[in-house]
Asker: 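The following block contains the structure, expressed as structure tokens.
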Amino acid sequence: MDLARHWRLKDQRYRLEGTVCAECGAKFFPPRQVCTECKSTNLKPHEFAGRGELYSFTTVSAPPSGHEEFVPYIVGMVKLDEGPLVEAQITDVNPADVKIGQRVEMVTRKLRAYGDDGVIVYGYKFRPIVNGS
Amino acid sequence: MSVMKPKRDVGIIGYGAYVPRFRIRAEEIARVWGGADEGVPIEEKAVPGLDEDTVTMSIEAARNALARAGIQPKQLRAVWVGSESHPYAVKPSSTIVAEAIGAAGRANHDSPLLAADWEFACKAGTEALQAAIALVGSGMADYAMAIGMDTAQGRPGDALEYTAGAGGAAYIVGPAENSLAYFEGSYSYVTDTPDFFRREHQHYPQHGNRFTGEPAYFDHTLHAARGLMDELGYQPSDFAYAIFHQPNVKFPQTAARKLGFAPEQIAPGLLAGKIGNTYSGAAMLGATAVLDIAKPGDRILLCSFGSGAGSDAFSWVVTDKILERRGRAPKTAWYVARREVIDYALYARYRGKLVMN
Ligand SMILES: [Zn+2]
């Protein structure tokens with residue numbers, strides 16, 4: 001349980017905060033310090049809107065350590081509307097109803113807990129967009 | 001006047017609901033445990049998913065409230081979360097919620113922020129709402145957020161297990177001139193009543209069975225609601241809607257009848273039959289369901305109850321700003337209708353009732 005690492009990652013995990021290149025406008029998530037398009041080091045924080053399209057996905061039944069309690073769960077690659085591709089869990093949907101190309105939105109959920117006495121890690125997942133009316 | 005009201009006029013400028021998508025039918029709980037001879041107190045209740053807790057549910061409700069309010073998160077000066085199911089015994093839920101919605105974070109002299117967790121059984125959220133009214137009403141802040149949210153647990157087989165649900169709501173209080181419902185006054189009433197309690201380190205609460213009715217729920221609810229109406233000079237007929245704390249369906253119906261409210265005045269805000277008792281969320285979530293359908297000019301009575309015990313009663317009047325704002329986030333009825341029914345085995349897993357090691 002690396003508390004400092006979890007703490008440093010909270011801006012990107014809670015609010016999809018990446019970076020935008022002040023020279024050419026390229027956007028990055030996770031955040032980068034050097035622009036891959038124009039090599040500029042003038043990058044500013046950028047909060048992504050949290051919407052995109054499901055690019056691919058898989059159902060995980062043999063999870064890495066620390067995620068056993070959540071199986072089976074879906075991990076997908078989400079293409080954000082601003083461009084970057086993000087790996088994240090897909091939640092609030094049954095595996096049979098997940099479709100490539102589906103519109104998804106960011107939600108904040110529990111990623112894992114370190115036992116009964118350790119820290120709880122929260123962060124982004126994606127779910128099919130709700131219209132809510 | 002003993003009605004409580006700040007010198008500066010305030011109101012609700014945004015609100016947001018959240019109910020998790022899983023449901024367990026009361027008859028399924030009865031199938032496992034029996035004891036439904038007298039009938040079950042609700043139809044079904046909402047159950048959070050494995051990746052949900054009071055923090056994540058509060059975050060979604062808070063984002064919905066911000067969307068409706070149309071303000072920037074850094075304009076908030078308080079994020080207060082009322083709950084009896086905070087994930088940590090020590091470490092505030094409210095700072096996690098505040099960071100996730102963008103109200104907190106990165107030292108910035110332009111945006112001081114208060115955050116704290118409130119506890120008073122099911123009254124924790126409305127107590128936070130009272131404080132938000134006072135904070136904005138005093139001029140210390142222009143905007144403050146109060147959340148009531150719970151993922152309540154009952155001991156397996158206990159009567160509470162039929163009703164202990166999950167859900168809640170977030171409210172942003174701001175200046176009355178920017179409100180979708182302005183505040184007319186509140187009346188609070190508390191006594192030392194040991195109707196329901198949970199000691200430190202205990203997983204499930206204890207309750208006084210029949211004792212929970214007359215001296216606890218009804219005495220406090222009726223006293224606060226009558227106090228508010230007397231002080232403001234209103235009759236039940238002056239209100240379009242009333243929302244009461246709803247540990248089941250019958251209690252709020254009985255309280256409404258004793259106070260003189262008609263069934264149609266309480267029906268839109270009575271959600272317990274479909275999602276269970278959402279504790280700190282219950283009355284506040286009933287009120288979001290009402291705001292979703294209310295017309296400008298409608299007067300709304302909101303009256304909570306928390307064991308231990310006490311009630312907060314509020315009077316609100318809806319403004320025409322409701323019309324442009326309520327469509328900006330999912331409606332309460334949408335969350336209630338979104339449902340995935342699970343059996344007792346999945347329920348036991350989702351609620352951590354299985355001991356794995
Ligand atoms: Zn660049």
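Letters go in sequence order (proteins before strands), and every chain restarts at 1. Keep in mind that what you see is a predicted model, and the values were worked out from it rather than measured.
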Asker: Closer than 3.5 angstrom, by distance alone: can the side chain of B:R349 be matched with the main-chain N or O of A:E69 as a donor-acceptor pair?
Answerer: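 The answer is yes, because a donor-acceptor pair under 3.5 Å joins these two groups.
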Asker: For B:Q72, does the CD atom have more than 12 heavy-atom neighbours from other residues, nucleotides or ligands under 6.0 Å away?
Answerer: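 No.
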Asker: Indicate yes or no: does A:R127 engage B:E60 in a salt bridge with an N to O separation below 4.0 Å.
Answerer: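 Salt bridge between A:R127 and B:E60, a charged N being under 4.0 Å from a carboxylate O: yes.
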Asker: Taking the side chain from A:R15 and the backbone from B:G102, do they hold a donor-acceptor pair closer than 3.5 Å?
Answerer: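 Side chain of A:R15 to backbone of B:G102, a donor-acceptor pair under 3.5 Å: no, none is there.
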Asker: Can you tell me how far apart CD1 (A:I120) and CD1 (B:I96) are? Round to the nearest 0.5 Å.
Answerer: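 One gets 7.0 Å once the value is rounded to the nearest 0.5 Å.
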Asker: Under 4.5 Å from any heavy atom of chain B, what part of A:E17 do you find: side chain, backbone, both or neither?
Answerer: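 Side chain only.
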Asker: Determine the minimum heavy-atom distance between A:Y14 and B:R63, stating which atoms define it.
Answerer: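 Closest approach of A:Y14 to B:R63, heavy atoms only: O-NH2, 3.0 Å.
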Asker: If you round to the nearest 0.5 Å, how far is CG of B:L50 from NE2 of A:H67?
Answerer: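 The CG atom of B:L50 is 12.5 Å from NE2 of A:H67, to the nearest 0.5 Å.
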Asker: Examine whether an atom of B:A104 lies under 4.5 Å from a heavy atom of chain A, and if so say whether it belongs to the side chain, the backbone or both; otherwise answer neither.
Answerer: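 For B:A104, the contact with chain A is made by the backbone alone.
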Asker: Please round to the nearest 0.5 Å and tell me the distance separating atom OH of A:Y122 and atom CD1 of B:I59.
Answerer: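 So the OH of A:Y122 and the CD1 of B:I59 are separated by 7.5 Å.
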Asker: Do side-chain atoms of B:Y88 reach the backbone of A:V119 as a donor and acceptor pair under 3.5 angstrom?
Answerer: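 Here the side-chain-to-backbone pair does not exist.
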Asker: Is the shortest side-chain N to carboxylate O distance from B:E52 to A:K110 below 4.0 Å?
Answerer: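 Salt bridge: no.
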Asker: For residues 83-97 of chain A, give me every residue with a non-hydrogen atom less than 4.5 Å from any non-hydrogen atom of chain B.
Answerer: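 The stretch touches chain B at A:T91, A:D92, A:V93, A:N94.
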Asker: Please state whether the side chain, the backbone, both or neither of A:F70 comes within less than 4.5 Å of a heavy atom of chain B.
Answerer: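 Interface part for A:F70: both.
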